[in-house]
Number of protein chains: 2
Amino acid sequence: MLSHKAKYALKALLYLAEQDENHISKTIEIAEGANIPKKFLEQILLDLKRGHFVSSKQGKYGGYYLIKSKNDITLAEIHRLFDGAIALLPCASLNFYEPCSDCKTESECHLRHGLMLIRDKTLQAMQGITIASLVKK
Amino acid sequence: MLSHKAKYALKALLYLAEQDENHISKTIEIAEGANIPKKFLEQILLDLKRGHFVSSKQGKYGGYYLIKSKNDITLAEIHRLFDGAIALLPCASLNFYEPCSDCKTESECHLRHGLMLIRDKTLQAMQGITIASLVKK
DNA sequence: TTTAAATTCTACTAATCACATATACTTAAT
DNA sequence: ATTAAGTATATGTGATTAGTAGAATTTAAA
């Protein structure tokens, strides 16, 4: 399941993607438009900025705007940024790999093999969902 | 990501599936064989019993054994029993559906549609992984 | 038939951590 | 001076991951 953070991030990106090019959206505007608690959204937008999905302008008439094409922002990326691994266990993860502490020999782990199959299919599906694909209904 | 509980459940089921038919496995035996904290495993086995995956015999020479065919126990079922919904949000879930409190009109939710596509693909993949398929490498 | 041993089962407890937010303040732009 | 992002920290809640203690049940030996 997605955390609220990831869900709000997606909603915020959808909001930004729906605005005119060159439009800068204030946090409060996004918060009200997408129904997200404002203070929580601030942190999320900063995370999105650090992830190079959006950029910001401070001060009066400041706000946030997309810097990555909505065709190139995938569900997989947002999941990884906010909720981490897509695989069901760290030992089956590409980007968040960690060995299982309770696993005697990883190569003999029956579970891991199956989980890697799931990961590949889920990842493929999640990379197919972009902000752009969501916006155009 | 799977909880430890779900992971341990899968490992316990794998352990049981690898034993001879008619063999009854004690908790301590499963715990040591699959490297699972014993007392935690007790709770998990009881959950599996309530889910009609295993049954038990009490008292001396008691223990646990599979009552559902290893061909019919899927990853999807275990996920749902221990970790709940397979979908990424409750509004996109089949078995754990709940509307989003922050969603104005569900039918207009751009996100939900995409998440339902993911759910269908993930579910299909997870239903394809059975305990039997994991055991035979 | 009693007793002891082995094992499941039940109920609490507790520590740790993640999650979802709020508060208060600083920095920067207009 | 005002507006808005940025930072750092705090807080409450709940889930997770166990551990503790003991009750109930079964088997088999005495």
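Quick note on labels: first sequence line is chain A, next is B, and so on, each numbered from 1. Heavy atoms only: backbone and side chains are in, while hydrogens, waters and symmetry mates are out.
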Item to complete: Ignoring hydrogens and angles, tell me if any N or O in the side chain of A:Ser3 forms a donor-acceptor pair with the backbone of A:Ala6 under 3.5 Å.
Response: yes
Practice prompt. Respond yes when some side-chain nitrogen or oxygen of B:Lys49 is under 4.0 Å from OP1 or OP2 of C:dC9, and no when none is.
Written response: yes
Fill in: Phosphate contact (D:dG6 OP1 or OP2) by A:Ser56 side-chain N/O below 4.0 Å
yes
Worksheet item: Atom CG of A:Asp102 to atom P of D:dA18: distance rounded to whole Å?
Response: 9 Å
Fill in: Value in whole Å for how far the C1' atom of C:dA20 lies from CG of A:Asp47
13 Å
Worksheet item: So, the side chain of B:Arg112 versus the backbone of B:Cys91: is there a donor-acceptor pair under 3.5 Å, distance only?
Response: yes
Could you run down the sub-3.5 Å N/O contacts of the protein with nucleotides 10-18 of chain C?
none

Worksheet item: What is the distance from CE of A:Met1 to P of D:dA15, rounded to the nearest Å?
Response: 13 Å
Item to complete: Report the C-alpha distance between B:Asp83 and B:Lys5 in whole Å, list the side-chain angles of each, state the deciding distance to 0.1 Å, and finish with yes or no for salt bridge (Lys or Arg N to Asp or Glu O under 4.0 Å).
Response: CA-CA 8 Å; B:Asp83 291 352; B:Lys5 218 165 176 172; over 6 Å; no
Discussion item. Would you say B:Glu29 and B:His23 are linked by a side-chain donor-acceptor pair, where the criterion is simply a distance under 3.5 Å?
Written reply: yes
Discussion item. Please determine whether salt bridge (Lys or Arg N to Asp or Glu O under 4.0 Å) holds for the pair A:Lys68 and A:Glu77, giving the CA-CA distance in whole Å, both sets of side-chain angles, and the decisive distance to 0.1 Å.
Written reply: CA-CA 12 Å; A:Lys68 186 162 183 175; A:Glu77 290 176 307; 2.7 Å; yes
Fill in: Pairwise 5' ranking along DNA chain C for B:Gly63 and A:Pro37, keeping only the more 5' one
B:Gly63
Worksheet item: How many angstroms lie between CG in B:Leu115 and CD1 in A:Ile129, if you round to the nearest 0.5 Å?
Response: 7.5 Å
Worksheet item: In whole angstrom, what separates A:Leu45's CG from D:dA4's C1'?
Response: 12 Å
So which protein N/O to nucleotides 27-30 of chain C N/O distances come out below 3.5 Å?
from, atom 1, to, atom 2, distance (Å)
C:dA28, O4', A:Gln58, NE2, 2.7
C:dT30, OP1, A:Lys57, NZ, 3.0

Worksheet item: After noting the C-alpha distance and the side-chain angles of A:Lys121 and B:Thr122, does the key distance pass the side-chain contact (heavy atoms from CB on, under 4.5 Å) rule?
Response: CA-CA 7 Å; A:Lys121 294 196 183 174; B:Thr122 305; over 6 Å; no
Discussion item. Nearest whole Å is fine: how far is D:dT26 C1' from B:Ile24 CD1?
Written reply: 11 Å
Worksheet item: In whole angstrom, what separates A:Lys38's NZ from C:dT23's P?
Response: 12 Å
Worksheet item: Just to confirm, is there a sub-4.0 Å distance from OP1 or OP2 of C:dA20 to any side-chain nitrogen or oxygen of A:His4?
Response: yes
Fill in: Distance in angstrom units between A:Lys5 NZ and C:dA22 C1', rounded
14 Å
Worksheet entry | Rounded interatomic separation in angstrom, taking OH from B:Tyr8 and P from D:dT17 | 8 Å
Practice prompt. Output the distance between atom CG (A:Leu111) and atom NZ (B:Lys7), rounded to the nearest 0.5 Å.
Written response: 8.5 Å
Worksheet item: Taking only side-chain nitrogens and oxygens of A:Thr27, does any of them come within less than 4.0 Å of OP1 or OP2 of D:dA4?
Response: no
Worksheet item: Will you find, in the side chains of B:Tyr65 and B:Glu21, an N or O donor that is under 3.5 Å from an N or O acceptor?
Response: no
